[in-house]
Visitor: 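What follows is a structure written as structure tokens; I'll ask about it next.
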There are 2 protein chains.
Amino acid sequence: MEDNAKPSGTDVPTLADVAAAAGVSTATVSRCLNSPDRVKQKTLKIVMDAVDRLGYSPNYSARALAAGRTNTIGAIIPTMENAIFARGIQAFQEELQQNGCTLLVASSSYRQDLEEEQIKTLTVRGADALLLIGYQRDPKVYEFLAKRKIPAVLTWVSDPDSDHLSVGFNNRQAMKTLAELVLENGHKVMGCITAETSANDRARDRVSGIRDAMKEAGLDPSELLVEETHYSIENGDVAFRKLMAARPRPTAVMCGNDVLAVGALRAASALKLEIPGDVSITGFDDIELASVAPVPLTTVHVPHRRMGQFAAQALMAALNGNAPDNIELPTSICFRETLGKAPSPNKR
Amino acid sequence: MEDNAKPSGTDVPTLADVAAAAGVSTATVSRCLNSPDRVKQKTLKIVMDAVDRLGYSPNYSARALAAGRTNTIGAIIPTMENAIFARGIQAFQEELQQNGCTLLVASSSYRQDLEEEQIKTLTVRGADALLLIGYQRDPKVYEFLAKRKIPAVLTWVSDPDSDHLSVGFNNRQAMKTLAELVLENGHKVMGCITAETSANDRARDRVSGIRDAMKEAGLDPSELLVEETHYSIENGDVAFRKLMAARPRPTAVMCGNDVLAVGALRAASALKLEIPGDVSITGFDDIELASVAPVPLTTVHVPHRRMGQFAAQALMAALNGNAPDNIELPTSICFRETLGKAPSPNKR
DNA sequence: AGCCAAAATGTAAGCGCTTACATTTTTTAT
DNA sequence: ATAAAAAATGTAAGCGCTTACATTTTGGCT
């Protein structure tokens with residue numbers, strides 16, 4: 001018969017098993033694992049040998065319960081179905097991993113109610129901190145987070161006026177810059193395809209950016225033709241056709257993201273419109289899709305990877321009791337082939 | 001002074017607080033939450049009222065520790081950076097959520113060593129079950145999983161001969177069917193762009209499928225020109241150019257997935273080759289990209305959503321002690337515009 | 001009314017770990 | 001050498017929950 005010092009059969013070894021095997025207390029084993037510098041070299045070696053020998057790995061539930069933190073970070077993104085968020089989140093995850101944290105991803109389908117639910121779920125599941133997209137949400141959510149002392153970083157936006165931590169970029173300014181370029185090409189009748197602006201602050205800001213530029217160029221911003229739809233290639237296609245049916249017809253269509261722009265491009269091709277000869281089209285994001293579109297897309301480049309990385313660093317800092325600064329990353333314009341001079345009126 | 005029956009200040013309420021507030025024991029509260037049919041209606045109401053009033057939600061770490069399960073499922077996918085896995089995983093997640101489980105996603109960058117590490121990490125973090133892509137891995141991994149009694153479902157493949165649970169499709173057969181169609185169009189010189197076959201069983205099977213079809217059509221399978229590379233549009237472009245430099249030049253290039261095919265398409269356009277007039281190109285997966293490629297892609301349609309859904313169901317069944325059956329889902333050919341007759345020799 | 005099985009609830013022992021505090025060992029200064 | 005300070009280790013009390021088992025309540029029968 002075995003005595004009780006050994007772990008029985010196929011059971012997963014516990015801290016106590018390691019302690020017994022190494023001839024020390026569980027506290028010492030715990031210290032070896034969590035703060036090795038507080039333990040004598042010799043002891044450390046003995047314990048680590050025991051850990052290896054038994055193939056021990058800690059039970060995270062128990063650790064979380066005892067320590068009051070899970071080392072899990074939650075992220076809630078609007079969608080996983082296209083690549084808009086993939087690069088940024090991937091970088092976020094890599095950075096977290098460096099810091100011994102795990103990422104839990106949920107998606108909200110661009111629905112505010114679902115996002116709130118997911119925030120609750122992730123919190124309850126023990127997320128120590130959260131990455132959120134955009135800043136627009138019920139103040140109660142922020143109160144809830146504050147009450148639970150859960151740091152959150154808002155990304156894909158820059159929100160310097162607010163006291164919420166954010167790591168992102170200025171959607172409005174970025175789109176404005178692109179719009180200025182479009183207007184410099186002589187376009188007077190402007191169209192725009194965007195996500196629904198009521199529930200999406202990034203989309204709203206981008207549209208505002210276009211209007212800003214129009215105003216400064218002496219055009220009436222209210223004449224911007226706007227099509228709102230969900231992000232998908234198909235919807236971009238449909239929206240573009242609607243825009244092309246308007247009179248006067250836009251000579252430039254600025255899209256809220258690259259996915260919509262690619263849909264517009266497809267529609268243009270079907271309508272036998274030359275890009276950019278007949279109509280100019282622009283995107284936003286600079287995902288891989290943009291560079292391989294039927295006509296390579298002129299778009300706004302967003303530094304997704306750096307954003308993800310910085311967001312992770314900010315959160316780690318917040319968890320360590322520091323107060324990280326908001327970060328606004330610069331965007332740039334990525335010139336490709338879909339932006340050109342406005343066609344001369346007689347040519348149309 | 002408060003007495004100890006009430007939760008103090010901003011603290012998160014616990015089971016005991018609810019029990020005190022409802023005037024019952026913690027066991028009863030626990031039962032109300034986990035098996036409501038085992039308590040009296042009246043008690044249930046009292047307890048649930050207290051839960052609402054206090055805004056209680058259970059601590060999952062504690063629950064996991066006590067119950068020995070986390071209700072968390074892990075998934076390890078080769079990459080999050082393109083959309084190949086997005087739809088399937090999204091469906092998987094939705095189905096899990098229906099069953100009260102949370103998804104933890106990790107990515108392995110197509111590296112077997114990283115995958116093993118992630119499997120360990122997720123296991124240690126308490127994943128009750130795992131979704132894995134493909135079947136090729138060190139037998140030790142399966143032993144480890146078996147020893148820990150962690151159910152795993154292999155997806156994106158069908159592995160009927162093995163005793164591992166799988167929910168997927170037959171890569172070899174699917175590609176063979178497409179290859180037959182290509183060959184029926186009179187192509188004699190075949191090229192292929194694939195992921196590295198040594199570390200990717202899906203890729204390997206797909207190439208085998210092409211060879212199978214060639215053999216049956218009386219061609220020498222060893223004459224298939226193969227370019228191996230990582231999945232990306234850029235790499236598809238480069239590989240296609242290499243293939244086009246071969247003599248005799250392939251008249252059809254079958255790609256291991258849609259991403260590579262889109263890259264090939266881009267290269268073809270740069271080389272002023274007509275698709276499918278000069279060269280036919282095919283893909284695999286039927287992701288959204290396929291339908292919006294410069295020339296809409298003829299490809300293999302994979303039922304990603306259903307696969308994800310069934311995989312989740314299989315895992316839930318396994319966790320409930322049932323032995324779910326392997327599932328092989330049918331694929332279909334999605335005809336678009338990149339497959340055509342082989343050009344007549346004199347035309348070249 | 002009285003008995004008994006079934007239903008409902010309570011009691012309390014953990015789950016595996018961290019950590020405040022107590023104790024022992026080692027180092028440093030005198 | 002010796003006292004005091006510092007470092008290392010041990011002891012044991014939880015963290016918030018589930019669940020086996022014990023106890024009480026309920027309700028159907030006779």
Side-chain angles (χ1 to χ4, degrees), chain A residues 4 7-8 11-48 50-51 54-72 100 123-126 128 148-149, chain B residues 4-5 7-8 11-48 50-51 54-72 100 123-126 128 148:
Chain A
N4 65 347
S8 69
D11 276 1
V12 176
T14 71
L15 236 214
D17 294 328
V18 177
V24 299
S25 73
T26 58
T28 299
V29 178
S30 177
R31 280 189 281 259
C32 288
L33 264 22
N34 298 310
S35 40
D37 42 310
R38 298 174 47 63
V39 167
K40 222 202 299 189
Q41 275 296 320
K42 210 172 122 193
T43 318
L44 183 60
K45 183 167 180 347
I46 295 173
V47 169
M48 289 324 236
V51 165
L54 298 184
Y56 169 78
S57 47
N59 176 319
Y60 277 69
S61 300
R63 174 177 280 190
L65 178 57
R69 66 189 320 233
T70 59
N71 289 312
T72 296
T123 305
V124 157
R125 295 257 174 194
D128 290 333
R148 296 250 179 165
K149 298 207 172 48
Chain B
N4 65 348
S8 69
D11 276 1
V12 176
T14 70
L15 234 214
D17 294 328
V18 177
V24 299
S25 72
T26 59
T28 299
V29 178
S30 177
R31 279 189 283 257
C32 287
L33 265 21
N34 299 309
S35 39
D37 41 312
R38 298 176 48 65
V39 289
K40 224 202 298 186
Q41 275 295 322
K42 210 171 123 193
T43 319
L44 183 60
K45 182 166 178 349
I46 296 174
V47 170
M48 288 325 235
V51 165
L54 299 184
Y56 169 79
S57 48
N59 176 319
Y60 277 69
S61 300
R63 176 177 279 187
L65 179 57
R69 67 191 314 236
T70 60
N71 288 311
T72 296
T123 305
V124 155
R125 294 258 174 194
D128 290 335
R148 295 252 180 165

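All values below were derived from every heavy atom in this structure, side-chain atoms included, with hydrogens, water molecules and symmetry-related copies excluded. Sequence lines set the chain letters: A, B, ... in the order given, protein chains first and strands last, and positions in each chain run from 1. Values in this document were obtained by computation on a predicted structure and should not be read as measured data.
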Visitor: State, to 0.1 Å, how close A:V18 and A:V51 come at their nearest heavy-atom pair, and which atoms those are.
Guide: CG1-CG2, 3.8 Å

Visitor: Is there a residue in residues 38-45 of chain B whose heavy atoms reach under 4.0 Å of DNA chain D, and which residues are they?
Guide: none

Visitor: Taking all non-hydrogen atoms of both residues into account, name the closest pair between B:V124 and A:P58 and its distance.
Guide: CG1-O, 3.6 Å

Visitor: The criterion is side-chain hydrogen bond (donor to acceptor under 3.5 Å, both in side chains); which residues satisfy it with B:R69, sequence neighbours excluded?
Guide: B:N71

Visitor: Of B:T26 and B:A62, whose closest DNA chain C nucleotide lies nearer the 5' terminus?
Guide: B:T26

Visitor: Indicate every side-chain donor-acceptor pair of residues 24-35 of chain A with a distance under 3.5 Å to a residue at least two apart or in another chain.
Guide:
unit_1 : atom_1 : unit_2 : atom_2 : d
A:S25  : OG     : A:A27  : N      : 3.4
A:S25  : OG     : A:T28  : N      : 3.4
A:S25  : OG     : A:T28  : OG1    : 3.4
A:S30  : OG     : A:N34  : ND2    : 3.3
A:N34  : OD1    : A:R63  : NH2    : 3.4
A:N34  : ND2    : A:S30  : O      : 3.1

Visitor: With each end axis built from five pairs of C1' atoms, what bend angle do you get for the helix from C:dA1-D:dT30 to C:dT30-D:dA1? Round to 10°.
Guide: 30°

Visitor: Looking only at heavy atoms, what is the nearest atom pair of B:Y56 and B:L15, with distance?
Guide: CE1-N, 3.4 Å

Visitor: Sort and list the pairs that fulfil salt bridge (Lys or Arg N to Asp or Glu O under 4.0 Å) and have at least one residue in residues 38-47 of chain A, not counting sequence neighbours.
Guide: A:K45-A:D49

Visitor: Between CG of B:N59 and CG of A:L65, what distance do you get to the nearest 0.5 Å?
Guide: 6.0 Å

Visitor: Among residues at least two apart in sequence or on other chains, which ones pass side-chain hydrogen bond (donor to acceptor under 3.5 Å, both in side chains) with B:T70?
Guide: B:D128

Visitor: Considering only heavy atoms of chain A and a distance under 4.0 Å, specify the first and last nucleotide of DNA chain C in 5' to 3' order that meet this criterion.
Guide: C:dG16 to C:dT19

Visitor: May I ask you to say what B:T28 touches in the nucleic acid, namely base, sugar-phosphate or nothing, with a heavy-atom cut-off under 4.0 Å?
Guide: sugar-phosphate

Visitor: Looking at every heavy atom in both B:R148 and A:S57, which two are closest together, and how far apart are they?
Guide: NH2-OG, 3.6 Å

Visitor: Assuming nearest nucleotide by heavy-atom distance, tell me which of B:V24 and A:Y56 is located more 5' along DNA chain C.
Guide: B:V24

Visitor: Using a 4.0 Å heavy-atom cut-off, does B:T14 contact any base of the nucleic acid, only the sugar-phosphate backbone, or nothing at all?
Guide: sugar-phosphate

